[in-house]
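Hydrogens, waters and symmetry mates play no part in the numbers below; they use all other heavy atoms, side chains included.
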Amino acid sequence: MNTREIRYERRTVANFLTFFFFSLFFGMAILLLIVNSRLGYLTKATSQEAIDTQAISQTIQEENTQLDRVKYESQSFLLLLFSYRPEEQARREREQRLQTYLGKNLSAGNLLLHSGKAEREVMDIVLVEAEKGSEDTYELLYRVTYEENGHTVTLGIKLMSAFIGDKFQVINVPSIMHIQENKGEATAVYRAKDYHTAGEVVPEEERKQIAAFLERFFDMYVSNDERLSLVSAVEGLGTGEFNQFTIENLVQIDEDTYAIQGTYTFQIENSQLTSFFDSQIKKNKESYFVEAFN
């Protein structure tokens, strides 16, 4: 009787262990299947997202490139349109060149300023506004200034254009527009401190050392002296002669690092120019090094 009871207990334990390990194996197999399936889904989704991001980036880049081409071509068109010489040969050549910019059913003879006896010279062409329409069309507003018979004339010109098949085309007769001059009272308030970096006060003795360094730096910066690379990581102007500078704000922003804002003045031939500057310098042994400028 005791033997039978022992055999029965051993079989029970064996059966339990068999069931336990089989269940564990089966559970792990299901878990691995779920994890593998989920990883595959995430990998596919991530890959798809990367492709979409790249496509969007490429589309934006193409649109920007196209708009730049439209701006350039439209400005070239306006320069040709408003420039005029009354000689017969010059007029014919001008009309032929204008025609290359025009869409179908538009003639150079229908455009603005197509006739006259006086020579016209373009002084300035400024883009005021550019707006993209539907199907690669663009509406551009320019301010054109030209001289004729000793008189200076400024006009607002609205230009309807299209960029189709890698070709710029004017698709409507240009319109003369009124450009509103800014005669209203200023509402924006200038506060110098808004452009000043916050930091710790610099002792007077060190302020003098920094000012002496900046004096040497500006002299090299304006002339783009070959020694400039020894005291800074910036490129010089390479023209003019340095006059003076004024420090409006000087603070310490980190260990041995300083932020400086102010103005400097330099001379180009007979013209004196003043510019705001925003600089960051770092102490370098017994001197300083300009890490950032404007």
Side-chain angles (χ1 to χ4, degrees), residues 64 67-68 71-72 75 122-130 141-145 147 152 154 156 179-294:
N64 289 338
L67 180 58
D68 289 339
K71 292 177 182 177
Y72 171 77
Q75 187 166 341
V122 175
M123 311 299 291
D124 193 25
I125 300 176
V126 178
L127 177 64
V128 177
E129 189 176 85
L141 179 61
Y142 280 92
R143 185 176 69 244
V144 180
T145 302
E147 191 175 85
T152 301
T154 299
I179 298 179
Q180 182 70 37
E181 293 185 14
N182 186 12
K183 295 181 178 179
E185 183 179 349
T187 55
V189 179
Y190 166 73
R191 289 182 292 266
K193 65 179 182 179
D194 292 344
Y195 304 96
H196 292 172
T197 304
E200 298 179 7
V201 176
V202 178
E204 186 62 30
E205 187 61 32
E206 185 143 25
R207 290 179 68 92
K208 292 179 181 179
Q209 294 175 10
I210 292 174
F213 167 77
L214 288 177
E215 182 86 28
R216 298 191 300 272
F217 164 75
F218 277 116
D219 189 50
M220 291 185 284
Y221 174 74
V222 172
S223 62
N224 197 23
D225 191 289
E226 58 184 10
R227 297 169 298 171
L228 181 63
S229 60
L230 300 176
V231 297
S232 76
V234 299
E235 292 289 335
L237 296 179
T239 181
E241 182 180 349
F242 170 65
N243 286 345
Q244 62 181 3
F245 74 98
T246 301
I247 295 177
E248 296 177 357
N249 182 57
L250 168 56
V251 292
Q252 184 171 353
I253 56 175
D254 202 354
E255 184 178 0
D256 295 332
T257 304
Y258 306 85
I260 312 163
Q261 290 85 38
T263 60
Y264 67 100
T265 303
F266 61 100
Q267 193 92 12
I268 298 180
E269 294 184 355
N270 296 322
S271 299
Q272 182 169 286
L273 305 175
T274 299
S275 172
F276 173 81
F277 75 88
D278 185 353
S279 179
Q280 182 173 304
I281 67 173
K282 190 176 183 66
K283 197 156 192 174
N284 182 25
K285 296 181 180 178
E286 299 301 319
S287 185
Y288 301 89
F289 187 85
V290 179
E291 294 183 324
F293 187 82
N294 277 3

Completion exercise
Nearest heavy-atom contact between Ile253 and Ala259 is CG2-CB, 3.9 Å
Handout entry: Point-to-point distance, once rounded to the nearest 0.5 Å, from CZ of Phe245 to CG of Leu214
Key = 5.0 Å
Handout entry: Spatial distance of atom NZ (Lys71) from atom OH (Tyr142) [nearest 0.5 Å]
Key = 8.0 Å
Practice task
Please name the pair of heavy atoms, one in Glu235 and one in Tyr221, separated by the smallest distance, quoted to 0.1 Å.
Solution key: O-CE1, 3.1 Å
Exercise for the section: Could you tell me whether a side-chain N or O of Asn249 sits under 3.5 Å from a main-chain N or O of Thr197, the two making a donor and an acceptor? Expected result: yes
Practice task
Please indicate whether Gln267 has more than 12 foreign heavy atoms, meaning atoms of other residues, nucleotides or ligands, lying under 6.0 Å from its CD.
Solution key: yes
Practice task
Could you pull out the closest heavy-atom pair between Ala130 and Leu67, with the gap in Å?
Solution key: CB-CD1, 4.5 Å
Exercise for the section: Just say parallel, tilted or perpendicular for the rings of Phe213 and Tyr288, cut-offs at 30° and 60°. Expected result: tilted
Exercise for the section: Using atom types as modelled and distance alone, determine if a side-chain donor or acceptor of Asp225 lies under 3.5 Å from a backbone N or O of Met220. Expected result: no
Practice task
Determine whether Gln272 and Thr265 make a side-chain contact, defined as any pair of heavy atoms from C-beta on separated by less than 4.5 Å.
Solution key: yes
Completion exercise
Between Ile268 and Gly240 the two heavy atoms that sit nearest each other are CG1-CA, 4.0 Å
Exercise for the section: Take Leu237 and Phe242 through the test side-chain contact (heavy atoms from CB on, under 4.5 Å) and record every step on the way to the result. Expected result: CA-CA 11 Å; Leu237 296 179; Phe242 170 65; over 6 Å; no
Fill in the blank from the handout: CG of Leu141 to CG of Leu127, rounded to nearest 0.5 Å, is 8.0 Å
Problem - Donor-acceptor under 3.5 Å (Asp278 side chain, Asn294 main chain) - result: no
Problem - Donor-acceptor contact present, side-chain Ser279 to main-chain Gln261, <3.5 Å - result: no
Exercise for the section: Please report the shortest heavy-atom distance between Val128 and Arg143, naming the atom on each side. Expected result: CG2-N, 3.9 Å
Problem - Greater than 12 external heavy atoms within 6.0 Å of Glu248's CD - result: yes
Practice task
Scan Asp219, Asn243, Val222 and name whichever one has a side-chain contact (heavy atoms from CB on, under 4.5 Å) with Phe266.
Solution key: Val222
Handout entry: Check: Leu228 main-chain N/O paired with Ser232 side-chain donor or acceptor under 3.5 Å
Key = yes
Practice task
Give a yes or no on this: more than 12 heavy atoms of other residues, nucleotides or ligands lie within 6.0 Å of atom OH of Tyr72.
Solution key: no
Exercise for the section: Find out whether Val231 and Arg216 are in side-chain contact, i.e. whether some heavy atom of one side chain is under 4.5 Å from a heavy atom of the other. Expected result: no
Completion exercise
Minimal heavy-atom distance between Gln252 and Val202, with the atoms involved, is N-CG2, 3.7 Å
Exercise for the section: With rounding to the nearest 0.5 Å, note down the distance linking OG1 in Thr152 to CG in Asp124. Expected result: 11.0 Å
Handout entry: Gap separating the OG1 atom of Thr154 from the CD atom of Glu147, nearest 0.5 angstrom
Key = 11.0 Å
Problem - Pairwise distance OG1(Thr145) to CE(Met123) - rounded to 0.5 angstrom - result: 8.5 Å
Handout entry: Side chain to side chain, Ser275 and Leu273, heavy atoms closer than 4.5 Å
Key = no
